[in-house]
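The block underneath contains the structure these notes are about, expressed in structure tokens.
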2 protein chains.
Amino acid sequence: MNRNYIQELGIIAIASRLKQLTEVLTKDMAKVYSELHVDFEPRWFTFVHLLKKEGKLSLTEISRKLNQTHVAANQVANALEKAKLIETSRDRNDNRKRLLTLSTKGQQLVEELEPVWKGVENAVDGLLKEAGSNLFEEIEKIETGLLQKSIYERIRENVNAEIVSRVKIISYKPVYKHAFIDLNLRWLEKYFEVEPHDKKLLFNPDEEIIEKGGDILIATYLDEVIGTVAILKVSKRVGELTKMAVQENLQGHGIGHKLMESAILLARNKGYKKLTLLTSPRLEKAVNLYKNFGFSESHEPSLLLNNLDRSSIQMEIIL
Amino acid sequence: MNRNYIQELGIIAIASRLKQLTEVLTKDMAKVYSELHVDFEPRWFTFVHLLKKEGKLSLTEISRKLNQTHVAANQVANALEKAKLIETSRDRNDNRKRLLTLSTKGQQLVEELEPVWKGVENAVDGLLKEAGSNLFEEIEKIETGLLQKSIYERIRENVNAEIVSRVKIISYKPVYKHAFIDLNLRWLEKYFEVEPHDKKLLFNPDEEIIEKGGDILIATYLDEVIGTVAILKVSKRVGELTKMAVQENLQGHGIGHKLMESAILLARNKGYKKLTLLTSPRLEKAVNLYKNFGFSESHEPSLLLNNLDRSSIQMEIIL
DNA sequence: TTCATAAATGTAAGTGCTTACATAAATTTT
DNA sequence: AAAATTTATGTAAGCACTTACATTTATGAA
């Protein structure tokens, strides 16, 4: 049941299982070394093996080949030097470089260890064959997959999808008034001076938007209001998009996108033929979002004309 | 080329590659948490996930389910308690047990994290699917394989085979005299008082064994003498096996076995019909080795009769 | 009951990595 | 050539584990 639980947890658990596997392997190697009365630690293995193969390498070269930090390599190197298994010299052409080679003692030790290493290799090969496993290939495949798209990107995409799927878009009700004010005030204050005409609209959504034939959509997430968008009624055929806001710590997950989709759907259903909006070049992400939905710059007069002093951009889309 | 080198190193490198993979994953998860402004560390994941699922668990139960030491679980528990994400109570029936549950704050956090976890799960699933990988099954297979026979046993077997394959059995030459004496003296002194008749045979192998028609075989490993066995000529048809010695730090790898094989082959080739030996019940491993080769106890007189004061066992085999 | 043993938890210290920072030598840019 | 940048190495401290050991409580056998 343990196993089953761990499986549920996905790759994190996979890694911990593999880590445990390696730990067993490492410990068992240590046991074999000590049975042979050989003074050697498993973690020296890759380092010494590499040095044996390559003859002479600098610290950084080793760390790179072993996919470790230079600090880790340095620590092993120091331990090996203390055990007199390797020797240091300086590169004549580059005095920074610490060149490492196996000492005579080190070479002798390697000879003694050869059968252990070979034995471990055979043991692992045998195990994999017996299990009919292609572990190596599997890992290869995964690494290749990650070259196409990083784990981070994959997680981001999927997390965004999860979050967006939990976001609900609902119609405005008076109970949301405070959240509507808060969310919009927050970004307004962040980017601009909040001016009287902003306040009038913002603090009286029922009177200034709904009662004048406009609409407000509310985005909720985990039962909290986390986004808003409003469509003012300019005329029977024209709406104006405004008061688009998403809670700061949830920005960048696609919630704005979802709000826009709903807003445009609503506008179409309502019979609008055109949707306009006013924004500012400073709100780069917002402008990009609008463009993605097909908005383009226009110069028609706006209901909120006085906002133009913010060096606004006016945009519109034909529905 | 890095990759190729690491591949050569087998499963140890596999593990380090997977570890790196996990590290990336962990870091990326941490990044997503921080983007969401959630105060949560990746290493809390399994712990909290488990607690969410099971509701209430004791520390030891958690550590067992997560395949960790109780100390590790304890440390995470303390961190989580400090962050007020879990709460401790005592088991009424067993006052030792520290029962842990998610606090209200913890439960809220889990709600927030759910999409991240789900997203990670989907990301990993997607990656595996895309790569056409069955990593999970592969690991399963390997774990099953290890239930049949542990890594340690596998390594031991293979290391033994490697060592034995490097051991050479050669005929005695006077140059090996000192090694012959040394190796035998060492175990004789370890188990018994070394008596005059031992010394006579041991210190004069040329005169006392070879020149009297007997034979000595020498086992070498990495150009060092590490084992001996002698066959005294009792008569034309009968030989007596003696002076079987293997260097202490190489015992248990099957070198004695290889020496015995060679000795029996030699005896047959020489025309002996029977091989006898004297040993002691104290040398349990040796007795077992002899039995494995078909020796059984006998009571015929021995060339080394006076050894019988060691409460010896006499054994023989018909060739 | 009592005494030995086992189980649950906790603490301290060690291990094998890491990150962060520092220094010196080499290389590139200006 | 001087200044800025990069590279190679080193040191200190942190992290997430581990092992070793200690303490308290429960359990089982005599």
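What you are looking at is a predicted structure, and each value in this text was computed from that prediction instead of being measured. Throughout, a chain's letter reflects where its sequence line sits, starting with A, and its residues are numbered from 1. These values consider heavy atoms only, across backbone and side chains, with no hydrogens, waters or symmetry-generated copies.
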Open item on the list: Under 4.0 Å from OP1 or OP2 of C:dT19: is there any side-chain N or O of A:Thr69 that close?
Closed with: no

TODO: Output yes when at least one side-chain N/O atom of B:Arg64 is less than 4.0 Å from OP1 or OP2 of C:dA8, else no.
DONE: yes

- [ ] Check whether any side-chain heavy atom of A:Tyr221 sits under 4.5 Å from a side-chain heavy atom of A:Gln247, and report yes or no.
- [x] no

- [ ] Specify the separation, in whole Å, of atom CZ of A:Arg96 and atom P of D:dA8.
- [x] 6 Å

TODO: Using whole Å, report how far CG of A:Leu99 lies from P of D:dT9.
DONE: 8 Å

- [ ] Please report, rounded to the nearest Å, how far the C1' atom of C:dA25 is from the CG atom of A:Leu59.
- [x] 16 Å

Task: Length of the line joining B:Arg43:CZ and D:dT18:P, which is rounded to integer Å - done: 12 Å

- [ ] Looking only at side-chain atoms of A:Arg90, point me to the closest of C:dA24, C:dT18, D:dG10.
- [x] D:dG10

Task: The single option from A:Arg154, A:Lys141, A:Lys149 passing side chain to side chain donor-acceptor pair (under 3.5 Å) against B:Glu130 - done: A:Arg154

- [ ] May I ask you to verify if any side-chain N or O of B:Arg98 is less than 4.0 angstrom from the OP1 or OP2 atom of C:dG10?
- [x] yes

Open item on the list: Ring-plane angle category for A:Phe40 and A:Trp117, please: parallel below 30°, perpendicular beyond 60°, tilted otherwise.
Closed with: tilted

Task: Of residues 71-87 of chain A, the positions that come close to DNA chain D - non-hydrogen atoms, cut-off under 4.0 Å - done: A:Val71, A:Asn74

TODO: Check the distance between C:dA8's C1' and B:Ile62's CD1 and give it to me in whole angstrom.
DONE: 13 Å

TODO: Take the protein atom CG of A:Asp94 and the nucleotide atom P of D:dT6, then report the distance between them rounded to whole Å.
DONE: 17 Å

Task: Contact under 4.0 Å: B:Lys27 side-chain N or O vs D:dC15 OP1/OP2 - done: no

Task: Contact summary for B:Tyr191 and B:Arg282, nearest pair of heavy atoms - done: O-NH1, 2.6 Å

TODO: Round to the nearest Å and state the distance from A:Asn95 atom CG to C:dA25 atom C1'.
DONE: 8 Å

Task: Polar contact flag, side-chain donor to acceptor under 3.5 angstrom, A:Arg98-A:Asn74 - done: yes

Open item on the list: Before you tell me yes or no, could you show the steps for B:Ser58 and B:Glu61 under side chain to side chain donor-acceptor pair (under 3.5 Å), namely the whole-Å CA-CA distance, both residues' side-chain angles and the distance that decides it to 0.1 Å?
Closed with: CA-CA 5 Å; B:Ser58 78; B:Glu61 283 169 322; 3.3 Å; yes

TODO: Could you check how far CZ of B:Arg92 sits from P of D:dT25, rounded to whole Å?
DONE: 18 Å

Task: NZ on B:Lys105 to CD1 on B:Ile86, rounded to 0.5 Å - done: 12.0 Å

- [ ] State which of C:dA8, D:dT18, C:dC17 makes the closest approach to the side chain of A:Gln68.
- [x] C:dC17

Open item on the list: Can you identify which nucleotide, out of D:dG10, C:dA24, D:dT25, has its nearest atom closest to the A:His70 side chain?
Closed with: D:dG10

